[in-house]
Amino acid sequence: MKIGIIGAMETEVSVLKEAMKVDTVITKAGMNFYEGMLHGTPAVVVQCGIGKVNSAMCVQILADLFHVTHVMNTGVAGSLNADLDIGDILVSEKAIQHDLDVTALGYALGQIPGIESREFKADAEMAEAAVAACRRVNTDLNVVKGCVVSGDQFISSAEVKEHLIKEFHGDCAEMEGASIAQAAVLNRIPFVVIRAISDKADGSAEMDYPSFESQAAEHCAKMVLEFVKTFHAN
């Protein structure tokens with residue numbers, strides 16, 4: 001097993017890099033790929049940058065250059081689920097791109113022409129292991145599995161939030177998970193997306209996000225470290 005771990009921002013990967021025994025650092029497409037051992041598991045940790053293009057490129061590099069066998073995306077998100085409060089954890093069952101619209105040609109909102117479903121399903125074994133890891137190290141946090149919706153926009157409108165809930169039944173909104181999911185699925189690499197809730201994706205988001213982003217990212221990093229320590233692929 002060789003796991004690629006992606007975070008969009010430095011705060012989402014800094015703890016992981018500190019815990020890692022780094023053998024090499026390779027820069028590709030403006031991203032620094034830290035390759036080495038993480039709790040005895042071969043791993044590559046990388047900050048991909050914000051947005052769907054950056055994150056999809058990152059997965060392709062992990063596949064082509066580093067030949068990873070699994071992909072994990074860690075980071076923060078806005079809650080679309082009333083049961084998910086700031087600090088709680090969402091583990092992906094599926095991911096959808098909410099800003100992709102080819103409905104004029106008869107496709108469902110979020111569906112990519114040429115791909116049968118708009119949903120990219122996470123690896124069930126990885127998702128279960130991630131939930132178990134979170135419950136061991138973040139005992140005071142709520143962790144649930146659900147739907148990640150992604151688009152190239154920061155969601156801070158109650159109206160947009162309601163649209164994402166009604167149309168996609170989304171549990172959290174962010175900017176990278178579904179593109180990472182698409183790239184992983186097309187490369188036949190098992191994946192899971194982990195999101196700590198940093199805001200409520202409504203009118204309060206601009207205020208809450210800066211206050212809780214670092215704390216939420218730290219919760220995610222603890223969970224990822226525990227996952228890597230205990231997950232053994234079949």
**Asked** If you measure from the Lys or Arg side-chain nitrogens to the Asp or Glu carboxylate oxygens, is any gap between Glu174 and Lys52 under 4.0 Å?
**Response** no
**Leu141, Val224, Ile197, Val137 screened by side chain to side chain contact (heavy atoms under 4.5 Å, CB included) with His219, the one that passes** = Leu141
**Request:** Given side-chain contact (heavy atoms from CB on, under 4.5 Å), test Arg118 with Tyr107 step by step and report yes or no.
**Result:** CA-CA 9 Å; Arg118 68 180 182 178; Tyr107 295 92; over 6 Å; no
**Prompt:** To the nearest 0.5 Å, what is the distance between NZ (Lys21) and CE (Met37)?
**Reply:** 8.5 Å
**Request:** Kindly say whether Val160 contributes a backbone atom to a donor-acceptor pair with the side chain of Ser157 at under 3.5 angstrom?
**Result:** yes
**Message:** I'd like to know if the side chain of Gln111 reaches the main chain of Ile115, judged simply by a donor and an acceptor atom lying under 3.5 Å from each other, with no hydrogens or angles considered.
**Reply:** yes
**Message:** For a quick check under 3.5 Å, do Asn32 and Gln47 share a side-chain donor-acceptor pair by atom type?
**Reply:** no
**Request:** Test side-chain contact (heavy atoms from CB on, under 4.5 Å) on Ser55 and Cys48 and set out the steps.
**Result:** CA-CA 6 Å; Ser55 54; Cys48 69; 3.9 Å; yes
**Prompt:** By side chain to side chain contact (heavy atoms under 4.5 Å, CB included), which residues pair with Glu35, not counting sequence neighbours?
**Reply:** Lys2, Thr24, Val44, Phe66
**Message:** I'd like to check the side chain to side chain contact (heavy atoms under 4.5 Å, CB included) partners of Ala130; sequence neighbours left out, ordered by chain and number.
**Reply:** Val91, Ile194, Met223, Phe227
**Request:** Just jot down the side chain to side chain contact (heavy atoms under 4.5 Å, CB included) partners of Leu225, sequence neighbours excluded, or say none.
**Result:** Val15, Leu16, Ala19, Leu38, His39
**Prompt:** Roughly how far, to the nearest 0.5 Å, is CD1 of Ile5 from NE2 of His70?
**Reply:** 12.0 Å
**Asked** Do Asp101 and Thr103 have side-chain atoms, one donor and one acceptor, less than 3.5 Å apart?
**Response** yes
**Request:** Please round to the nearest 0.5 Å and tell me the distance separating atom CG of Leu80 and atom NE2 of His98.
**Result:** 8.5 Å
**CA sep, side-chain torsions, deciding dist, call: Arg195, Cys172, side-chain contact (heavy atoms from CB on, under 4.5 Å)** = CA-CA 8 Å; Arg195 286 290 179 266; Cys172 73; 4.1 Å; yes
**Item:** From Leu100 atom CG to Leu109 atom CG, the distance as rounded to the nearest 0.5 Å
**Value:** 8.0 Å
**Request:** For Asn142 and Asp85, run side-chain contact (heavy atoms from CB on, under 4.5 Å): C-alpha distance rounded to whole Å, both residues' side-chain angles, the deciding distance at 0.1 Å, then the answer.
**Result:** CA-CA 8 Å; Asn142 179 34; Asp85 291 324; over 6 Å; no
**Asked** When clusters are formed by joining ILVMFWY residues with side-chain heavy atoms under 4.5 Å apart, either directly or through shared neighbours, do Ile26 and Val68 land in the same one?
**Response** yes
**Message:** For the CD atom of Glu128 and the CD atom of Glu93, what is their distance to the nearest 0.5 Å?
**Reply:** 8.5 Å
**Message:** Does Glu10 form a salt bridge (charged side-chain N to carboxylate O under 4.0 Å, His left out) with Lys17? I'd like the steps, not just the answer.
**Reply:** CA-CA 10 Å; Glu10 177 62 23; Lys17 289 191 294 186; 3.2 Å; yes
**Message:** Rounded to the nearest 0.5 Å, what separates atom CD in Glu167 from atom CD in Glu162?
**Reply:** 13.5 Å
**Gly51 backbone acceptor or donor facing Glu176 side chain under 3.5 Å** = yes
**Message:** With a 3.5 Å distance limit and no angle check, can you tell me whether Asn187 reaches the backbone of Ile189 through a side-chain donor-acceptor pair?
**Reply:** no
**Asked** Do the side chain of Glu12 and the main chain of Val76 share a donor and acceptor less than 3.5 angstrom apart?
**Response** yes
**Prompt:** Do the charged groups of Lys121 and Glu119 touch, with an N to O distance under 4.0 Å?
**Reply:** yes
